[in-house]
K.L.:
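The structure is given below, and queries will be raised subsequently.
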Amino acid sequence: MALVVGGGSAALINAAANAANSSPGAGAGTAISCPDVKGSLPAVPSQAQAEIDRDLRLLQTQIDEATQRLAAAQGQGGTGFVNNSVLGPLKDKRTATLDRIATATGRNAARPQGLDAFAACTLSGSGAGQQSGASASASASASAGSGGSAAAAANGPSPDDFVDITKVQPNVKKVRNQTGASTGTFASRCGVNKEGQHNSDNVIVAPGVVDGAHHVHDYVGNKQVDGNSTNESLAAQGTTCTNGDQSAYYWPVLRDLTKQGPDAGAQGGGAEGNVGAILVPRTSSIVFAGSPTGKVVAMPRFLRIITGDAKAVTNGTANANAHWSCTGFENKVQLTDKYPLCPSGSKVVRSFAFQSCWDGVNTDSANHRDHVAFADASGNCPSGFKAIPQLTARLTYSVPAGTTYAVDGFQDQQHKAITDHDDFINAMTDQLMAQAVDCINSGRRCG
């Protein structure tokens with residue numbers, strides 16, 4: 001079968017790619033083999049190069065994550081298990097990514113036809129088609145009665161990822177307000193997700209993809225958010241916020257590793273290395289603050305912001321923005337790469353301080369970061385950016401004793417504390433945003 005671009009033909013597709021639906025279970029020595037996409041694309045328009053490069057990297061990430069799932073599933077199930085649990089979901093994700101590549105190309109050149117034929121992958125290697133009874137037995141033995149702790153031990157975090165907060169030197173520095181600073185705040189009281197709105201989608205990073213996040217999110221605010229949400233659907237939904245704020249606030253759940261959750265075998269949950277019972281925050285606060293250097297302007301409706309990096313272990317710390325502490329210690333100690341062990345009576349605190357500078361034009365960008373920025377150490381925005389209300393979110397938790405809790409994440413990130421992140425879609429009405437800006441700029445505390 002050929003890839004057809006603008007009426008012509010390109011590279012032939014490996015016929016083995018179409019055999020995925022008949023692949024049996026996998027054993028040791030098995031690898032995932034996918035058709036090469038990059039080498040079969042037509043000339044990429046320069047205007048779409050950055051976006052397509054990102055999607056090509058995403059295709060590789062999807063293969064890497066599927067390989068992790070394949071290794072974790074070794075010896076499980078019978079014929080069709082790997083197809084349903086690994087190759088099938090991988091094909092769905094590749095299909096969505098390939099469609100985005102075609103769309104990006106089609107904005108500036110002929111849209112390539114037939115890219116979806118590159119979506120299916122197969123198993124290769126000495127273990128393809130084999131079942132390992134010994135491995136299956138060992139896996140069952142390890143998980144039986146463990147409450148998820150055995151799987152967590154293999155998947156992270158490790159005891160070295162925790163620190164006694166009472167032994168950490170104070171490290172918190174505050175920015176001093178300048179003349180004309182906007183010192184007010186505006187709070188949205190949105191609850192702690194007792195309603196249990198959960199999914200493993202991420203509509204910002206992977207729109208239209210089921211399980212696009214590969215880990216479970218807590219949601220507050222907008223009552224219906226998933227991978228298929230649109231600006232129009234968000235605007236039509238109710239909210240858990242008492243002031244009518246329809247914004248979507250979501251973050252990866254925190255889990256008690258001493259227990260087994262109801263999603264132990266589900267995508268986003270245990271099937272992707274996120275084990276344990278989901279912890280409901282004891283408290284949450286969502287507050288918009290001002291700028292220490294001047295007034296703020298309104299955020300545009302449907303502005304999207306991601307803060308932190310779910311893949312900070314792989315990507316490095318350039319975009320990491322995790323903050324962990326304990327109640328009673330927040331003004332003295334903030335941790336970025338360790339989970340805190342809190343003294344008796346103190347709760348674990350996760351907090352997020354979002355980017356507070358906006359380019360004045362875009363509600364999103366190709367990497368979901370370039371349209372917003374952090375202020376510098378003195379509170380100044382980069383040239384060409386405007387100060388907007390800074391979203392700050394704070395969550396507290398009662399966790400089990402010891403090194404037995406972790407944040408959801410990608411399998412290869414080992415549930416490190418530094419991978420914590422938070423997502424936000426501003427769906428406030430223009431009127432409500434104007435109220436927020438007025439409160440902040442006039443130095444009042446509202447909400």
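Since the model is a prediction, treat every value here as computed from it, not as a measurement.
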K.L.:
Does the ring of Phe162 carry Lys338 above it, NZ/CZ under 6.0 angstrom from centre and within 45° of its axis?
P.N.:
no
K.L.:
Please lay out, stage by stage, how Arg304 and Thr363 fare under the test side-chain hydrogen bond (donor to acceptor under 3.5 Å, both in side chains).
P.N.:
CA-CA 6 Å; Arg304 286 152 164 78; Thr363 57; 5.4 Å; no
K.L.:
Is there side-chain contact between Thr105 and Val44, with at least one heavy-atom pair below 4.5 Å?
P.N.:
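The answer is no; the side chains never approach within 4.5 Å.
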K.L.:
Examine the side chains of Thr327 and Ser346 and answer whether a donor and an acceptor come within less than 3.5 Å of each other.
P.N.:
yes
K.L.:
Using 0.5 Å steps for rounding, measure from the CD atom of Gln246 to the OG1 atom of Thr240.
P.N.:
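Going from CD on Gln246 over to OG1 on Thr240, the span is 11.5 Å.
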K.L.:
List the atom of Gly276, the atom of Asp263, and the distance in Å for their closest heavy-atom pair.
P.N.:
O-OD1, 4.4 Å
K.L.:
With a 3.5 Å cut-off and no angle check, do the side chains of Thr283 and Thr396 form a donor-acceptor pair?
P.N.:
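Note: Thr283 and Thr396 side chains meet the donor-acceptor criterion.
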K.L.:
May I ask you to check whether Asp164 and Thr166 show a side-chain donor-acceptor distance below 3.5 Å?
P.N.:
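A pair is found: one side chain offers a donor N or O, the other an acceptor, under 3.5 Å apart.
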K.L.:
Indicate whether the side chain of His421 and that of Lys311 have a donor and an acceptor atom separated by less than 3.5 Å.
P.N.:
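Short answer, no.
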K.L.:
Would Arg350 and Arg394 count as a side chain to side chain contact (heavy atoms under 4.5 Å, CB included) if you check the C-alpha gap in whole Å, the side-chain angles of each, and the deciding distance to 0.1 Å?
P.N.:
CA-CA 6 Å; Arg350 297 167 70 186; Arg394 176 182 179 273; over 6 Å; no
K.L.:
In a check of side chain to side chain donor-acceptor pair (under 3.5 Å) between Tyr250 and each of Asp422, Asp218, Asn202, which one passes?
P.N.:
Asn202
K.L.:
Which atom pair, heavy atoms only, marks the closest approach of Thr97 to Asp55?
P.N.:
CG2-O, 3.5 Å
K.L.:
Atom OH of Tyr219 and atom CG of Asp201: how far apart are they, to the nearest 0.5 Å?
P.N.:
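The CG atom of Asp201 is 5.5 Å from OH of Tyr219, to the nearest 0.5 Å.
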K.L.:
Can a side-chain donor-acceptor contact be found between Ser233 and Gln224 if the only test is distance below 3.5 angstrom?
P.N.:
no
K.L.:
As a quick check of understanding, evaluate side chain to side chain contact (heavy atoms under 4.5 Å, CB included) for Leu395 and Phe352, giving each step before the final call.
P.N.:
CA-CA 9 Å; Leu395 309 167; Phe352 307 94; 4.2 Å; yes
K.L.:
Are the side chain of Thr239 and the backbone N or O of Cys241 linked by a donor-acceptor pair below 3.5 Å?
P.N.:
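Side chain of Thr239 to backbone of Cys241: a pair is present.
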K.L.:
Which pair of non-hydrogen atoms, one from Pro389 and one from Ile440, has the smallest distance, and what is that distance?
P.N.:
CB-CD1, 3.7 Å
K.L.:
Before we go on, tell me: are the rings of His415 and His215 under 6.0 Å apart, centre to centre?
P.N.:
no
K.L.:
Enter the distance from Asp245:CG to Ile286:CD1 here, rounded to the nearest 0.5 Å.
P.N.:
7.5 Å
K.L.:
For the CZ atom on Arg369, are there more than 12 heavy atoms of other groups (residues, nucleotides or ligands in this structure) within a distance under 6.0 Å?
P.N.:
yes
K.L.:
Could you label the plane-to-plane angle of the Tyr249 and Phe424 rings as parallel, tilted or perpendicular, counting under 30° as parallel and over 60° as perpendicular?
P.N.:
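Parallel.
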K.L.:
Working to the nearest 0.5 Å, report the span between CG of Leu70 and CD1 of Ile63.
P.N.:
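It comes to 12.5 Å.
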K.L.:
For Val210 and Asp92, run side chain to side chain contact (heavy atoms under 4.5 Å, CB included): C-alpha distance rounded to whole Å, both residues' side-chain angles, the deciding distance at 0.1 Å, then the answer.
P.N.:
CA-CA 9 Å; Val210 175; Asp92 292 342; over 6 Å; no
K.L.:
State, without any angle test, whether Arg301 and Thr429 hold a side-chain donor-acceptor pair at a distance under 3.5 Å.
P.N.:
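No, because no side-chain N or O of Arg301 sits under 3.5 Å from a partner of the opposite role on Thr429.
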K.L.:
Quick one: do Arg111 and Asp99 satisfy salt bridge (Lys or Arg N to Asp or Glu O under 4.0 Å)? Show the steps, please.
P.N.:
CA-CA 10 Å; Arg111 179 185 173 97; Asp99 183 66; 2.9 Å; yes
K.L.:
Give me the ring orientation class for Tyr405 and Trp324: parallel if the planes are under 30° apart, tilted from 30 to 60°, perpendicular past 60°.
P.N.:
tilted
K.L.:
Indicate yes or no: at least one non-hydrogen side-chain atom of Ser291 is less than 4.5 angstrom from one of Gln178.
P.N.:
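No, their side chains stay 4.5 Å or more apart.
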K.L.:
Ignoring hydrogens, what is the shortest heavy-atom contact between Ala417 and Ala322? Give both atom names and the distance.
P.N.:
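Where Ala417 meets Ala322 most closely, the heavy atoms are O-CB, 3.5 Å.
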K.L.:
Under 3.5 Å, is there a donor-acceptor pair linking the side chains of Asn321 and Thr307?
P.N.:
yes
K.L.:
Around Arg444, counting heavy atoms of other residues, nucleotides and ligands shown, do more than 12 lie under 6.0 Å from its CZ?
P.N.:
yes
K.L.:
With rounding to the nearest 0.5 Å, note down the distance linking NE2 in His323 to OG1 in Thr336.
P.N.:
7.5 Å
K.L.:
To the nearest 0.5 Å, what is the distance between CG (Asp226) and CG (Asp211)?
P.N.:
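Rounded to the nearest 0.5 Å, the CG-CG separation comes to 12.5 Å.
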K.L.:
Evaluate the side-chain proximity of Val297 to Ile388: yes if any heavy-atom separation is below 4.5 Å, no if none is.
P.N.:
yes
K.L.:
How about Val37 and Leu59: do any of their side-chain heavy atoms sit closer than 4.5 Å?
P.N.:
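A side-chain contact exists here, since the closest heavy-atom pair is under 4.5 Å.
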K.L.:
Hey, are Asp160 and Ser158 close enough side-chain-wise for a donor-acceptor pair under 3.5 Å?
P.N.:
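Ser158 vs Asp160: no donor-acceptor pair found between side chains.
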K.L.:
When you look at Gln334 and Ser351, which way does the side chain to side chain contact (heavy atoms under 4.5 Å, CB included) test go after all the steps?
P.N.:
CA-CA 9 Å; Gln334 290 289 333; Ser351 57; 3.8 Å; yes
K.L.:
Given Asn155, which partner from the list Gln411, Gln68, Glu272 fulfils the side chain to side chain contact (heavy atoms under 4.5 Å, CB included) test?
P.N.:
Gln411
K.L.:
What are the two closest non-hydrogen atoms of Ala298 and Trp358, and how far apart are they?
P.N.:
O-CZ3, 4.0 Å
